[in-house]
Amino acid sequence: MANIELKELTKRGEDYSQWYQDLVVKADLAENSAVRGCMVIKPYGYAIWEKVQAQLDKMFKETGHVNAYFPLFIPKSFLSKEAEHVEGFAKECAVVTHHRLMKDPNGTGVVVDPSAKLEEELIVRPTSETIIWNTYRNWIRSYRDLPLLINQWANVVRWEMRTRLFLRTTEFLWQEGHTAHATKEEAEEEATRMLNVYAEFAEKYMAMPVVKGVKSANERFAGALDTFTIEALMQDGKALQSGTSHFLGQNFAKAFDVMFADKTGKMEHVWATSWGVSTRLMGALIMSHSDDNGLVLPPQLAPIQVVIVPIYKNEDQLAQITTKITPIINELKSLGISVKYDDSDNKKPGWKFAEYELKGVPVRLAMGGRDLENGTVEVVRRDTLCKETRSIENISQYIQDLLNEIQQNIYKKAFDYRTAHTITVDTYEEFKEKIEEGGFILAHWDGTTETELKIKEETKATIRCIPFDGDKTPGKCMVTGKPSAQRVLMARAY
RNA sequence: CGGGGUGUAGCGCAGCCCGGUUAGCGCAUCUGCUUUGGGAGCAGAGGGUCGAAGGUUCGAAUCCUUUCACCCCGACCA
């Protein structure tokens with residue numbers, strides 16, 4: 001049958017990168033747009049993103065944050081106020097130079113009207129620290145105005161050389177938190193708190209284990225004193241930075257002259273953090289769990305948690321099945337489970353089975369003539385593809401439990417994969433050999449940027465982070481033999 | 001920015017080297033009948049500025065020139 005090939009995925013083992021791209025497109029998550037490097041997020045993909053947003057937003061609010069919105073455009077002069085910051089982003093900024101088009105005097109199209117040149121160019125935000133800190137200057141007067149805990153959901157633009165759907169696009173969606181504090185300690189606590197929020201979200205909702213840690217100086221955010229990160233391991237053995245939280249010190253307060261009067265009336269610069277996760281999380285989600293049959297979604301983030309497929313020979317039988325299944329649908333919904341009953345008659349059951357597997361729906365129920373006679377339903381779980389036929393007695397409760405089990409199982413699978421692909425090495429020779437196999441490598445490093453760059457140059461591996469948890473035994477750098485305070489996490493990364 | 005590739009129906013492609021009826025195939029769509037427990041079958045129908053602009057020619061999807069766009073692999077980055 002020719003159309004079997006229609007949605008056939010490239011196998012992970014054959015070409016992981018191609019598998020990923022196929023999956024994103026065929027599962028209807030996103031597609032490339034007419035604009036270079038920019039994607040269209042399709043309704044199914046966006047529905048997942050909305051679930052990500054909803055949960056994170058809830059967690060931000062529970063930790064005391066409120067949402068606001070700042071402009072898309074940043075005056076060029078703002079960006080240059082913090083030296084390291086502009087250094088870090090200058091090469092990838094989209095710049096608005098004019099505000100009007102006109103009919104092409106020599107042709108049929110439109111051209112930029114040269115008389116509409118802007119006095120000062122506007123930068124399409126690559127991140128909003130500068131415009132936000134320029135605004136905070138007017139909002140902060142006294143210690144009573146602090147802490148200021150604001151988040152925004154927005155799009156940003158970074159003109160990257162090479163893009164990949166969700167993992168790196170020219171425009172992407174994200175949230176960026178920007179907080180202001182009276183003391184260094186408070187700001188550091190905030191940065192850590194938000195990193196923990198990200199880690200909790202990744203592990204509990206995305207079912208994706210992460211390593212929390214601090215970035216090396218070389219990998220730090222432009223303008224930060226410290227960058228904290230959560231690092232995840234994808235199924236091809238590459239690391240993916242999945243969220244970052246920055247302790248910005250007083251850099252931006254000084255650059256934008258944001259001061260407050262403390263309790264004694266003394267003027268001080270405020271302390272800052274910023275933190276963000278992006279639609280890149282979608283890429284992380286896809287690559288953490290999915291298989292050669294398609295997407296595998298954690299129940300917590302699946303737009304459709306249960307799909308029900310009736311198998312019928314005629315209208316009458318469909319009506320009987322619908323009658324039988326309706327109370328179950330209602331029960332599931334009352335348990336807060338999202339259900340889709342697919343009784344469309346233009347696709348056969350087999351087609352639907354394959355389609356919902358491709359889309360990663362965690363649980364599928366099928367009911368046909370046999371089930372009608374026996375009072376049963378077929379239950380298939382997406383993570384293991386195991387099938388069983390069960391009585392419809394208490395089926396709703398069973399499914400609710402099953403969803404929880406799937407959530408835990410895919411976390412465990414990802415966790416076990418990571419454990420199996422995290423190794424410790426002590427010599428640079430061994431490191432060079434093992435890095436070819438992918439995975440996380442824990443090794444000693446002397447703490448210098450020179451050594452880090454040498455490793456990157458020679459092996460394409462980077463220091464993902466200096467982990468917070470785990471073995472803190474000192475040792476000797478695998479490259480230089482100099483003292484090392486603890487092992488660092490290394491990998492090739494996206 | 002370097003290397004490679006692709007633009008032909010909604011999607012996926014063939015045709016191009018070697019110019020020549022009305023540009024073809026699969027999927028999808030629409031109609032009808034039969035089907036429905038793992039991507040249905042038969043019959044019929046609709047759907048094209050062949051990426052764009054110039055040129056060569058009696059004649060261009062095909063040859064030449066220019067150009068635009070997108071994708072993939074690197075270097076840079078979340």
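Naming: A, B, ... by sequence-line order, numbering from 1 per chain. Quick note: numbers below take in every heavy atom, side chains included, and nothing from hydrogens, waters or symmetry partners.
Between the P atoms of B:U29 and B:G10, the separation comes to 15 Å (whole Å). For the P atom pair drawn from B:C13 and B:C18, the interatomic distance equals 25 Å after rounding to whole Å. Straight-line distance between the C1' atoms of B:C77 and B:U67: roughly 31 Å, to the nearest whole Å. A gap of 15 Å separates the C1' atoms of B:A45 and B:A9, to the nearest Å. Between B:C17 and B:C42, the two C1' atoms lie 40 Å apart (nearest whole Å). Taking atom P on both B:A52 and B:A60, the two are 15 Å apart, rounded to the nearest angstrom. Going from the P atom of B:U66 to that of B:G26 covers 38 Å, rounded to whole Å. For the P atoms, the distance from B:A75 to B:G12 is 29 Å, rounded to whole Å.
Atom CZ in A:Arg364 sits roughly 12 Å away from atom C1' in B:G39 (whole-Å rounding). In this structure, the CD atom of A:Glu84 is 15 Å from the P atom of B:C77, given to the nearest Å. The separation between A:Asn293 atom CG and B:G39 atom C1' is 12 Å, rounded to whole Å. Atoms CE (A:Met39) and C1' (B:C70) sit 17 Å apart, rounded to a whole Å. Atom OH in A:Tyr494 sits roughly 14 Å away from atom C1' in B:A78 (whole-Å rounding). A:Lys460 places its NZ atom 10 Å from the C1' atom of B:C73, with the value rounded to the nearest Å. Rounded to whole Å, the distance from CD on A:Glu87 to C1' on B:C76 is 13 Å.
Nearest nucleotide to the A:Gln21 side chain, out of B:G37, B:G38, B:C71: B:C71. Comparing B:G37, B:U29, B:U36 by their nearest atom to the side chain of A:Asn346 picks out B:U29.
One finds no side-chain N or O of A:Asn32 lying less than 4.0 angstrom from the OP1 or OP2 phosphate oxygen of B:C70. When the side-chain nitrogen and oxygen atoms of A:Ser17 are compared with OP1 and OP2 of B:C73, one or more of them lie within a distance under 4.0 Å. Between A:Lys387 and B:G37, a side-chain N or O to OP1/OP2 separation shorter than 4.0 Å is absent. At the phosphate of B:C72, neither OP1 nor OP2 sits under 4.0 Å from any side-chain N or O atom of A:Gln18. For A:Lys456, no side-chain nitrogen or oxygen approaches OP1 or OP2 of B:A75 to under 4.0 Å.
Nucleic acid contact class of A:Lys347 (heavy atoms, under 4.0 Å, all strands): sugar-phosphate only. Within 4.0 Å (heavy atoms only), A:Asp371 reaches at least one base atom of the nucleic acid. A:Glu357 comes within contact range of at least one nucleobase, with a heavy-atom separation under 4.0 Å. A:Gly88 comes within 4.0 angstrom of no nucleic acid atom, judged by non-hydrogen atoms across all strands.
Ring geometry for A:His246 versus A:Phe221: interplanar angle under 30°, hence parallel rather than tilted (30 to 60°). Classification of the A:Phe431-A:Tyr428 ring pair by plane angle, with boundaries at 30° and 60°, yields parallel. Relative ring orientation between A:Trp271 and A:Phe247 is described as parallel, the plane-to-plane angle staying below 30° on a 0-90° scale split at 30° and 60°.
Heavy-atom distances to RNA chain B give each of A:Ile311 and A:Gln241 a nearest nucleotide, and the one nearer the 5′ end belongs to A:Ile311. Summary of the strand contacts: A:Leu385 and A:Lys91 both lie near RNA chain B, and taking for each the nucleotide with the nearest heavy atom, the more 5' one is attributed to A:Leu385.
Between the side chain of A:Lys313 and the base of B:G37, no donor-acceptor pair of N or O atoms lies under 3.5 Å.
Looking at every heavy atom in both residues, A:Met39 comes nearest to A:Ala30 through SD-CB, 4.1 Å.
With a 6.0 Å cutoff to the six-membered ring centre and a 45° limit on the axis angle, A:Lys238 counts as a cation-pi contact of A:Tyr494. Cation-pi check for A:Lys359 over A:Tyr44 is met; the charged atom lies under 6.0 angstrom from the ring centroid and within 45 degrees of its normal.
Across all strands shown, B:C1 forms a Watson-Crick or G-U wobble pair, both distances under 3.5 Å, with B:G74. In this entry B:C25 has B:G12 as its Watson-Crick or G-U wobble partner, both defining distances falling under 3.5 Å. The base-pairing partner of B:A69, taking Watson-Crick or G-U wobble contacts with both distances under 3.5 Å, is B:U6. Within the shown strands, B:A43 is the pairing partner of B:U31 under the Watson-Crick or G-U definition, both distances less than 3.5 Å. Base pairing of B:U56 is not made with any nucleotide, judged by Watson-Crick or G-U wobble geometry with both donor-acceptor distances under 3.5 Å. In this structure, B:C17 forms no base pair with any nucleotide, since neither Watson-Crick nor G-U wobble geometry is met with both distances under 3.5 Å.
Residues from residues 158-172 of chain A with heavy atoms under 4.0 angstrom of RNA chain B, sorted by number: A:Arg158, A:Glu160, A:Met161, A:Arg162, A:Thr163, A:Leu167, A:Arg168, A:Thr169, A:Phe172.
Checking A:Gln55 against A:Tyr205 by side-chain atom types alone, a donor-acceptor pair falls below 3.5 Å.
Residues satisfying the side chain to side chain contact (heavy atoms under 4.5 Å, CB included) criterion with A:Val95, sequence neighbours excluded, are A:Thr97, A:Glu121, A:Ile123.
Here the two rings, on A:Trp351 and A:Phe353, have centers that are 6.0 Å apart or farther. Taking the six-membered ring wherever Trp is involved, the centroid distance between the rings of A:Trp133 and A:His85 does not fall below 6.0 Å.
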